[in-house]
Amino acid sequence: RQTPPPVNMNDSSSDDEDIFAPLTKRSKTSDFKSTPSHEKKTKGKRNKGRDSMDSVSKTESPHPKKSKKTDPRNDSPPDSPISSPQKEGTRKNKKESSSLPSFLSLDLPVTSFSIPQNEGKIRKEESNENKIPFPTHSAAGKRWQKAITAGRVHKRYATDYDFPKYKQQETDKGTTEESDWIKAKPYGTWCKNNPQAIAIDCEMCETKCPKTGAIDSKALCRLSIINAEKPEQVLLDTLVKPDWPVKDYRTWVNGIEEKHLKDVEFTLEHAQKFLLALCSDETIIMGHALHNDLVSLRMEHQVVVDSAFLFEVKDLATAIPALRDLTVAMLGEEMPDTHDSVHDARMAFRCLEKWIEKDGNVEPIERTAPKKPPRSNRNASKELFIHRIPKLCKEKHISSMFLSHTSIQPTLVDDIDFGGNFGRGKVLFPSAAHCNLAFRSLEGDAEPDPTGRLQKKVFLNNGSYIRVRKMVHEREDSKDNETSQNPKVVDDSDESE
């Protein structure tokens, strides 16, 4: 049994096409007895490419000569003081040419090359522009240098703090443009009296553009900033009016309701102006899973100390710890059920201070059982979480898959939220019994994810697959009806897919 051929996850498909593999074809997706056809095509393309290159080399150079005017580095300027030593010697001392060493007497078509005096400066400036800032001017910056470096070598840092990726994703979704993002100015005398280290936390909601239907799953609705040099000082704490109508306030997470945002005038633009006046490129910004907050703020910043990256989870090498588990392990304190951004920013900072005190020598964090959700999220027993969804997959494909594979029609398939190459979303069923039956009817073995919730693979026609996961733990499924009480749910924002 050989590995199936690689799949382009971005292949386009018709909205009416059934992209999921029929049940009878499931076992055939990975049986290959000979060289896959895609390898033969690849070889053909390589040979074709080689032949075309040979034909080019026989006719003309594939690299046309550049104009001297457009690239001054190809030749010396007409008045260049540098010239070929052997040519100059030949012109001035033709009679003495016979006495020159043999290698200097060769009449070769040498082209002199000189670097403009300011080119070194330009290259240096370009190098500094692309260099990731590092705090060196302040005492606070020097204190947190080790923590910043430790975070940057974390295996998820390059992915989670890939701001060009986020900008492109937001542009593709139609939620923002690249010009909507901000970046702090270089450190200078203008900011020397500002706090050089801050801790932030954002509360977010989900909004929808009334014109395009674009979904912003990280719309800012509250921003809290504390002074990390004086943790008792709150620099800013405000509700934020989203630009688009709110689709989901996520009240069960943040406690914010429609009435709270009704008369709010503070916007994302105000938040960005405040941050640009407060932060330089060397300001240390701290928080937990901080990249989510920076994306919500549309702010590109690399001088960060992220508590999600400095602590490991016991027996779960690929997971990141939840803030509630960090506070229990490091501070011996429980987190409240409803998020409070001032409290969360301060708790993340206190955990990071413990890391500094211990010089980074901290024990892995024990992952605790999640608390029961508030009543407003009791739909969890009637929902399945779908993730690893390729871009070719639409909401109607998900709905059709459940109907054809389980004979159960979902009540609602949420809009798929794409981040990177894959998306995620939830599927709601009429009852917990329908939800459990649909999950059990899917072919394949159910395996627990890192949080203990069961999930299955559902294959597509092209050999790839999605994952279908339960929102509640197995011990709750014994009730298997709409009257199931207190299902256990984990906040997905603390998990790694």
Side-chain angles (χ1 to χ4, degrees), residues 144 146-148 150-157 159-161 163 166 197-204 217-218 220-228 231 234-237 250 253-255 275 279 283-297 299 301-314 316 318-358 360 362-368 370-371 419 450-451 490-497:
W144 291 98
K146 182 174 181 178
I148 294 169
R152 288 180 178 178
V153 299
H154 190 278
K155 57 189 175 184
R156 289 182 54 170
Y157 180 87
T159 300
D160 287 356
Y161 286 87
F163 293 105
Y166 293 127
I198 61 175
I200 72 172
D201 188 64
C202 298
E203 301 297 346
M204 306 165 204
S217 60
K218 287 184 171 66
L220 184 67
C221 59
R222 184 181 177 187
L223 170 62
S224 300
I225 305 175
I226 68 168
N227 184 351
V234 177
L235 300 175
L236 179 68
D237 179 32
R250 297 175 183 161
V253 175
N254 54 40
L275 287 164
C279 300
T283 300
I284 303 102
I285 301 182
M286 307 180 204
H288 187 79
L290 187 60
H291 63 283
N292 291 312
D293 303 292
L294 293 173
V295 170
S296 181
L297 291 163
M299 181 178 185
H301 197 77
Q302 298 283 1
V303 182
V304 298
V305 181
D306 194 332
S307 54
F309 288 177
L310 298 186
F311 299 88
E312 297 180 355
V313 178
K314 186 176 181 181
L316 290 173
T318 61
I320 59 174
L323 183 57
R324 62 175 178 273
D325 293 335
L326 273 182
T327 58
V328 170
M330 303 304 297
L331 307 175
E333 298 182 25
E334 294 279 351
M335 294 285 287
D337 293 337
T338 303
H339 291 200
D340 179 277
S341 49
V342 171
H343 182 266
D344 291 358
R346 193 168 279 145
M347 297 298 275
F349 168 72
R350 289 177 59 193
C351 290
L352 290 169
E353 274 203 317
K354 290 291 184 183
W355 190 93
I356 291 291
E357 291 174 8
K358 296 177 180 291
V362 292
E363 295 293 327
I365 305 300
E366 189 81 32
R367 197 165 201 170
T368 60
K371 296 181 178 181
T451 70
V490 173
D491 183 356
D492 291 318
S493 63
D494 291 332
E495 295 178 14
S496 170
E497 278 195 43

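Because the structure is a prediction, the values reported are computed rather than measured.
In this structure E363 satisfies the salt bridge (charged side-chain N to carboxylate O under 4.0 Å, His left out) test with no other residue, sequence neighbours excluded. Shown here are the side-chain hydrogen bond (donor to acceptor under 3.5 Å, both in side chains) partners of T327, two or more places apart in sequence or in another chain: there are none. D344 is linked by a side-chain hydrogen bond (donor to acceptor under 3.5 Å, both in side chains) to nothing, counting only residues two or more places apart in sequence or in another chain. For N227, the side-chain hydrogen bond (donor to acceptor under 3.5 Å, both in side chains) partners at least two apart in sequence or on another chain are Q233. In terms of the ring pair (Phe, Tyr, Trp, His ring centres under 6.0 Å) criterion, residue partners of H154 (sequence neighbours excluded) are, by chain and number, F309. Considering only residues two or more places apart in sequence or on other chains, Y157 meets the ring pair (Phe, Tyr, Trp, His ring centres under 6.0 Å) condition with Y161.
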Practice task
Decide side-chain contact (heavy atoms from CB on, under 4.5 Å) for I365 and E312; before the verdict, give the C-alpha distance in whole Å, the side-chain angles of both, and the deciding distance to 0.1 Å.
Solution key: CA-CA 6 Å; I365 305 300; E312 297 180 355; over 6 Å; no
Practice task
Evaluate the side-chain contact (heavy atoms from CB on, under 4.5 Å) criterion for residues R222 and D340: first the C-alpha distance (whole Å), next the side-chain angles of each, then the deciding distance (0.1 Å), finally the verdict.
Solution key: CA-CA 9 Å; R222 184 181 177 187; D340 179 277; 3.5 Å; yes
Handout entry: Intermediate values then yes/no, side-chain contact (heavy atoms from CB on, under 4.5 Å), M330 and M347
Key = CA-CA 10 Å; M330 303 304 297; M347 297 298 275; over 6 Å; no
Practice task
Check the pair V342 / V234 against side-chain contact (heavy atoms from CB on, under 4.5 Å), numbers first and verdict last.
Solution key: CA-CA 8 Å; V342 171; V234 177; 4.2 Å; yes
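A side-chain N or O of D237 and one of S224 form a donor-acceptor pair less than 3.5 Å apart.
The two residues M204 and N254 come nearest to each other via the heavy atoms O-ND2, 3.3 Å. Here the closest non-hydrogen pair linking H343 and P336 is CE1-CD, 3.7 Å. For the residue pair A289 and A308, the shortest heavy atom distance occurs at N-CB, 3.7 Å. Among all heavy-atom pairs drawn from D160 and H291, the shortest one is O-CB, 3.2 Å. The two atoms that bring V305 and A147 nearest to each other are CG1-CB, 3.9 Å, heavy atoms only. Pairing each heavy atom of T338 with each of G255, the nearest pair is CG2-N, 3.6 Å.
Side-chain atoms of R367 and K314, non-hydrogen and from C-beta on, never get closer than 4.5 Å to each other. W355 is listed as a side-chain neighbour of K146, based on a closest heavy-atom distance under 4.5 Å. Looking at V362 and L310, their side chains never come closer than 4.5 Å, going by heavy atoms from C-beta outward. In this structure the side chain of M286 never reaches within 4.5 angstrom of the side chain of D306, judged on heavy atoms. You'll find the side chain of V303 stays beyond 4.5 Å of the side chain of T283, heavy atoms only. A 4.5 Å side-chain heavy-atom check between L352 and W144 finds at least one atom pair inside the cut-off. Counting only heavy atoms from C-beta outward, the side chains of V328 and E334 approach each other to under 4.5 Å. Annotation: side chain of E353 is not in contact with side chain of L331 (no heavy-atom distance under 4.5 Å).
The only member of I284, I148, L294 that meets side-chain contact (heavy atoms from CB on, under 4.5 Å) when paired with V304 is L294.
For Q302, the CD atom sits in a packed shell: over 12 heavy atoms of surrounding residues, nucleotides or ligands are nearer than 6.0 Å.
Counting only distance, with no hydrogens or angles, the side chain of S307 and the backbone of G287 share a donor-acceptor pair below 3.5 Å.
Taking CG of L290 as the reference point, atom CE of M299 lies at 9.5 Å (rounded to 0.5 Å). Interatomic distance, CD1 of I225 versus CG of L235, reported as 6.5 Å (0.5 Å rounding). Separating the CE atom in M335 from the CZ atom in R324 is a distance of 9.5 Å, to the nearest 0.5 Å. Taking CG of L297 as the start and CD1 of I200 as the end, the distance is 5.5 Å to the nearest 0.5 Å. Going from atom CD1 of I198 over to atom CG of L275 covers 6.0 Å, rounded to the nearest 0.5 Å. With values rounded to the nearest 0.5 angstrom, L326 atom CG is found 12.5 Å from R350 atom CZ.
Looking at R250 and E203, no side-chain N of the basic residue comes within less than 4.0 Å of a carboxylate O on the acidic one, giving no salt bridge.
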